[in-house]
J.: 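Structure provided below as structure tokens; questions to follow.
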Amino acid sequence: MKCPNCGENIADGCKFCTNCGSEIKITTAPENSVNAQPSGVQMQYTGYNQNNNGPQMQNNGPSQGFGQQNMGYQNGAPSMQYQPNNNMNQFQQPMNKPKKKKHTGVIVLASVLAVVVAGTGVCGGVYYTSAGVKSVNYLRNAQYASATSEYNTRAANNALQKKIADPMITDYVSEVKDAYDSESISGFTALENLKAIKSMDDSTLSTLASDTYTAIDTNEQSKAAYQAGGIAYAGGNYAEAISQYVLVDPNFVNYTDAQTKITEAASKLASNFNSELDDADSVDDYEKLMAEVTTALGYLPDGMKDDAETVLASATDSYVSGIGDQFDAAVANYEGYQAAFDIIDAAIEKHDDIQGLKDLRDEKITEFEDLVLTTMDGFVANGYYAEAKDLLETAAAIAPESTKLSEYLASHGEDWITGVSELSATYWGDETYFVPEDHYCVDVYGNQYVGGNTIILSPSDYENSDALFVVDLEGKYSKMSYTISVYDDEEDGYDGAVSFGVVDSEYNGLDSVTGIKKTSKSQTRVVDVSGIDELMFLAIPDVDTSTTNISVIISDIYFITE
């Protein structure tokens with residue numbers, strides 16, 4: 001038989017059309033009627049109205065939905081009665097035909113759909129609620145994830161379900177917008193409903209929901225900005241009021257008033273600029289004033305701009321000067337320069353258009369270069385090569401844009417200074433000890449007292465053995481620095497002494513320290529080792545008595561090339 005609604009061929013006995021979903025009512029002539037015609041039936045249906053593009057949702061009003069009440073649905077249709085007339089081949093409807101009800105809400109296929117047994121052409125008798133009804137019910141009950149899932153699972157890839165669901169959800173979008181416009185629901189509720197529909201697997205629905213979402217979201221943001229602007233304006237915070245009013249969208253109901261308030265706030269700001277400049281006494285005060293003037297300049301009448309720009313220039317100069325003072329205060333030591341430059345860099349990042357800040361940074365870089373190189377020359381002159389190298393590397397990292405420091409580092413880098421631990425050396429005598437650069441020295445009595453890159457010479461009497469340490473320089477270095485001290489474990493009354501010498505392979509003296517006693521102070525010395533291939537450190541007792549408990553400690557041994 002054919003569906004009376006869409007004309008599609010369907011199996012005999014179907015209660016619902018398998019194409020459009022319309023309910024089929026079948027009324028046959030009574031068997032005992034003399035006018036009955038066995039082969040003919042008259043069908044009446046209630047269902048999906050194709051001319052109307054789908055079922056309509058029952059609109060209970062915004063106050064009854066959106067998370068508060070499920071959507072209802074109706075089932076049923078006016079029945080047809082069979083009566084004979086003068087023409088045996090015709091069926092006539094009764095004269096008192098019931099008036100057909102107008103469908104409001106989800107009447108047709110909102111409650112049930114026929115389950116079609118695929119490929120058999122036979123209609124089953126199991127009915128179930130449509131995906132459209134369930135999706136909208138979920139939305140009304142604030143079960144947004146379930147609404148999206150219901151549509152994507154059951155309707156997105158099912159032509160019949162989709163044909164029912166899409167018009168319902170389209171109408172629901174309009175219902176949400178109307179409810180929001182009438183302030184029956186909050187912006188949050190409206191956006192949550194639309195967000196769920198945006199996630200449904202249908203481009204038309206998603207686009208519709210997205211467009212509506214954008215309109216409502218823009219209105220909500222404008223509403224919040226307008227309210228915040230009003231609060232700031234009432235509190236005399238005119239800069240904040242302007243920053244909020246400018247966020248109001250032109251389509252917002254109070255847009256014109258927001259524009260008026262912007263002009264009024266700018267005028268009130270301008271009248272306070274000079275007094276704020278006089279009262280300012282900190283970097284923060286000047287920065288705040290700069291922000292206020294810059295904001296107001298965008299909205300001030302032309303006649304008021306000149307005075308405002310004069311205030312801005314004065315505030316900017318004071319701000320830059322204050323940043324310079326903060327820089328100077330931060331420089332307590334070389335490590336402090338990093339924090340000091342961070343202060344200027346942070347200010348430049350916030351105010352990239354202020355040339356004075358960039359000029360200030362260039363000025364401080366020049367000061368920093370001169371200080372570092374002067375200090376470094378002093379370190380080198382006194383033999384503090386390791387300290388000089390550390391200072392140079394630290395300074396170059398703080399000011400990587402410095403040409404002076406980068407060039408100096410290139411010529412005084414890794415190959416410029418070498419510790420004795422990095423060279424080939426030979427140890428002579430049973431009481432000569434070498435301590436690597438990354439270790440501490442522990443003497444023969446278990447005392448830890450000096451850092452690495454250290455030689456310990458503990459000589460016996462002069463007749464038998466000298467403590468000797470030999471280093472191969474290969475003529476590569478020009479100067480050596482070292483620190484000498486003594487360790488004496490003898491009793492207080494012992495008055496023994498040790499002498500120390502630096503000699504070449506021919507025992508020509510290069511440096512010496514004699515009469516080292518228990519009370520001797522440590523000292524740092526610099527030795528010219530230009531052209532020396534082999535260097536020896538030698539310790540000998542001053543008297544012919546045992547001095548094995550006196551140790552000469554040679555630490556922080558470094559060689560440099562020029």
Side-chain angles (χ1 to χ4, degrees), residues 239 273-274 276-297 308-417 481 558 560-562:
F273 287 158
N274 284 308
E276 287 187 44
L277 182 62
D278 293 338
D279 294 339
D281 61 359
S282 69
V283 166
D284 291 341
D285 290 340
Y286 292 119
E287 186 175 33
K288 178 175 178 291
L289 180 57
M290 288 159 51
E292 290 179 352
V293 177
T294 301
T295 299
L297 280 172
E309 288 174 346
T310 300
V311 172
L312 177 61
S314 180
T316 301
D317 289 343
S318 298
Y319 172 75
V320 172
S321 178
I323 292 295
D325 292 340
Q326 288 186 358
F327 180 97
D328 294 339
V331 182
N333 48 51
Y334 290 113
E335 288 76 14
Y337 270 97
Q338 181 64 69
F341 279 113
D342 286 346
I343 292 172
I344 296 182
D345 291 340
I348 291 176
E349 185 175 354
K350 292 168 66 177
H351 305 287
D352 185 66
D353 57 327
I354 300 179
Q355 183 61 39
L357 287 173
K358 299 174 184 178
D359 294 340
L360 174 66
R361 194 180 196 286
D362 291 341
E363 175 188 331
K364 294 303 182 182
I365 285 290
T366 300
E367 291 179 7
F368 182 58
E369 289 172 338
D370 293 342
L371 178 60
V372 168
L373 296 180
T374 299
T375 305
M376 183 173 174
D377 289 341
F379 282 165
V380 172
N382 289 282
Y384 298 115
Y385 301 141
E387 290 83 353
K389 180 181 177 183
D390 290 343
L391 170 62
L392 182 59
E393 291 176 344
T394 300
I398 291 174
E401 71 273 39
S402 168
T403 303
K404 285 185 180 180
L405 294 178
S406 60
E407 289 177 350
Y408 209 99
L409 183 61
S411 59
H412 298 78
E414 292 296 328
D415 297 332
W416 176 62
I417 179 171
S481 70
Y558 293 101
I560 67 166
T561 56
E562 292 183 343

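When a residue number appears, it is its place in the shown sequence, counting from 1.
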J.: As an exercise, state the distance from CZ of F341 to CD of E401, rounded to the nearest 0.5 Å.
T.: 7.0 Å
J.: Would one find more than 12 heavy atoms of other residues, nucleotides or ligands at under 6.0 Å from atom CD of E349?
T.: no
J.: Less than 4.5 Å apart, any side-chain heavy atom of K404 and any of V372?
T.: no
J.: Return the minimal non-hydrogen interatomic distance between S481 and G383, and the atom names on each side.
T.: OG-O, 2.7 Å
J.: Show your reasoning for whether ring-ring contact (aromatic ring centres under 6.0 Å, His included) applies to Y384 and Y558.
T.: CA-CA 9 Å; Y384 298 115; Y558 293 101; over 10 Å; no
J.: What's the shortest heavy-atom distance between D352 and K358, and which atoms?
T.: O-NZ, 3.0 Å
J.: Calculate, to the nearest 0.5 Å, the distance between atoms CD1 and CD belonging to I343 and Q338 respectively.
T.: 11.0 Å
J.: Ignoring hydrogens and geometry, is there a side-chain-to-backbone donor-acceptor pair from T394 to D390 under 3.5 Å?
T.: yes
J.: Decide yes or no for D345 and R361: does some side-chain heavy atom of the first lie under 4.5 Å from some side-chain heavy atom of the second?
T.: yes
J.: In Å and rounded to the nearest 0.5 Å, what is the CG to CD1 distance from D370 to I365?
T.: 11.5 Å
J.: Determine the interplanar angle of the Y337 and F368 rings, folded into 0 to 90°, and report it as parallel if under 30°, tilted if 30 to 60°, perpendicular if over 60°.
T.: tilted
J.: Supply the atom-to-atom distance L360 CG to Q355 CD, rounded to the nearest 0.5 angstrom.
T.: 11.5 Å
J.: Kindly indicate whether the side chain of M290, heavy atoms from C-beta on, has any atom under 4.5 Å from the side chain of I354.
T.: yes
J.: Will you find, in the side chains of S282 and D285, an N or O donor that is under 3.5 Å from an N or O acceptor?
T.: yes
J.: Rounded to the nearest 0.5 Å, how far apart are OG1 of T316 and CG of D353?
T.: 8.0 Å
J.: What I'd like to find out is whether the side chain of M376 reaches to under 4.5 Å of the side chain of K389, using heavy atoms alone.
T.: no
J.: Using modelled atom types only, decide if a donor and an acceptor are shared between the side chain of W416 and the backbone of I560 within a distance under 3.5 Å.
T.: no
J.: Show the nearest heavy-atom pair for residues A308 and V293, with the distance to one decimal.
T.: O-CG1, 3.2 Å
J.: Looking only at non-hydrogen atoms, find the nearest pair between L277 and S314 and report the distance.
T.: CD2-OG, 3.6 Å
J.: List the residues meeting salt bridge (charged side-chain N to carboxylate O under 4.0 Å, His left out) with K364, not counting sequence neighbours, and say none if there are none.
T.: D328, E367
J.: Are Y319 and L289 packed together at the side-chain level, in the sense that at least one heavy-atom pair is separated by less than 4.5 angstrom?
T.: no
J.: How far apart are the closest heavy atoms of I323 and A347, and which atoms are they?
T.: CD1-CB, 4.0 Å
J.: Kindly compute the distance separating NZ (K350) from CG (L357), expressed to the nearest 0.5 Å.
T.: 10.5 Å
J.: To check you understand the geometry: which heavy-atom pair defines the closest contact between L392 and L405, and what is its length?
T.: CD1-O, 4.2 Å
